[in-house]
Amino acid sequence: MKILLPTIVMILADIIFICYTLYGRDQQNMISMAADQALVAATTSVQDVYGNSIRTLKPGDETSITYEMAAEALREDLEFTGAKYLYTLYTDGDKVYYGVDADDSENKCMIGEEFGYTYDELKTVFEGEPFVQEFIDTSEGEALISAYVPIYDNEGKVVGALGSDYDASDIVAKMAAMKSSCIKIGTGAVVFAGIVLFLIISFIMKNVKLVNGKIYDLVHSEGDLTKQLEVKSGDEMELMAGNVNALLTYIRDIMLNIDKCSDSLGAASKDMAKQTTDASGSIMDISATMRQEIGKEAAST
């Protein structure tokens, strides 16, 4: 477990990092492509909008010929550019309002209806610079990427802005599918890695238990130093078993030398005891002889 758990955690962290990086990169690439398409649609469509006419529209002019001509031109551009929504905007310097809306459904925005963004957010557009959202807006229940370009009149003055909304629902779906795939692949990779690691660790532990069991048998074999560890694993366990066998051989040689030395010491002790006995007998014989001599001298005297 000390090996398995940290390894699984590291693998999981690597997979999350890789998936997060790939997911973020692909998402940004798709959003950038969609933003470019929205900008192209806006840039193309603004050429069909006449600034002098748009400038004259006011709330309630939705049925006027000027409004219908502009709306029809934008509807044709919708089919041509692939944008989901096209509309014009104008401002009073404080708020932004809808102008002409190419949407002919019941959800169509009317002239003067307040736009979702403030003037400060679209200020650069009304100052003559295009503006592109580099994110997916889902605030109104739809996935949209928008681009805005200025509308000029004949004098080159900015009189409004043209908005182009690109449908990003397919990007959202692809991102969701990619996220699901990352989760499935990551889960499968972790499970597979866990199984492989478990098998490897089990094989290693099998050899460890084998060596441990052999050593246990040696410890409880009443000092039988002739036993050997038979491990053929081809790894460090076999090397360890070989070293243990070498240690046993070394100890056995020491014990044999001690036994030989004990036999030699025993023989020397016996020889010394014999010599001591012989010396004692000789001393007793000398002592008896001396007593006899002393007795004879005493008798003669």
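Leu197 is listed as a side-chain neighbour of Ile8, based on a closest heavy-atom distance under 4.5 Å.
Atom CG in Asp36 sits 11.0 Å away from atom OH in Tyr166 (nearest 0.5 Å). Between Arg55 atom CZ and Thr66 atom OG1 the span is 12.5 Å, to the nearest 0.5 Å. Remark: Asp167 CG to Ile136 CD1 distance equals 10.0 Å, nearest 0.5 Å. Here CD1 of Ile15 is found 9.5 Å from CD1 of Ile185. Values are rounded to the nearest 0.5 Å. Ser32 OG to Met30 CE: the interatomic distance, rounded to the nearest 0.5 Å, is 10.5 Å.
Taking all atoms of both residues into account, the shortest heavy-atom contact from Ser45 to Asp77 is OG-CB, 3.2 Å. Across Asp94 and Thr91, no two heavy atoms sit closer than the pair N-OG1, 4.0 Å. Closest of all the heavy-atom pairs between Ser164 and Ala83 is OG-CB, 3.7 Å. Residues Cys109 and Asp101 come closest through the heavy atom pair N-OD2, 2.9 Å. Looking at every heavy atom in both residues, Ala38 comes nearest to Ile145 through CB-O, 3.8 Å. Shown here for Asp165 and Ser146, the closest heavy-atom pair between the two residues is OD1-OG, 2.5 Å.
Remark: Tyr152 engages no residue in a ring pair (Phe, Tyr, Trp, His ring centres under 6.0 Å) (not counting sequence neighbours). Remark: Tyr87 pairs with Tyr98, Phe115 by the ring pair (Phe, Tyr, Trp, His ring centres under 6.0 Å) rule, at least two apart or across chains.
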Worked check of side-chain contact (heavy atoms from CB on, under 4.5 Å) between Tyr117 and Asp137:
CA-CA 12 Å; Tyr117 290 148; Asp137 185 5; 3.4 Å; yes

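Taking 4.0 Å as the cut-off between side-chain N and carboxylate O, Lys84 and Glu142 count as a salt-bridged pair.
The stretch residues 118-132 participates, sequence neighbours left out, in these side chain to side chain donor-acceptor pair (under 3.5 Å) pairs: Thr118-Glu121.
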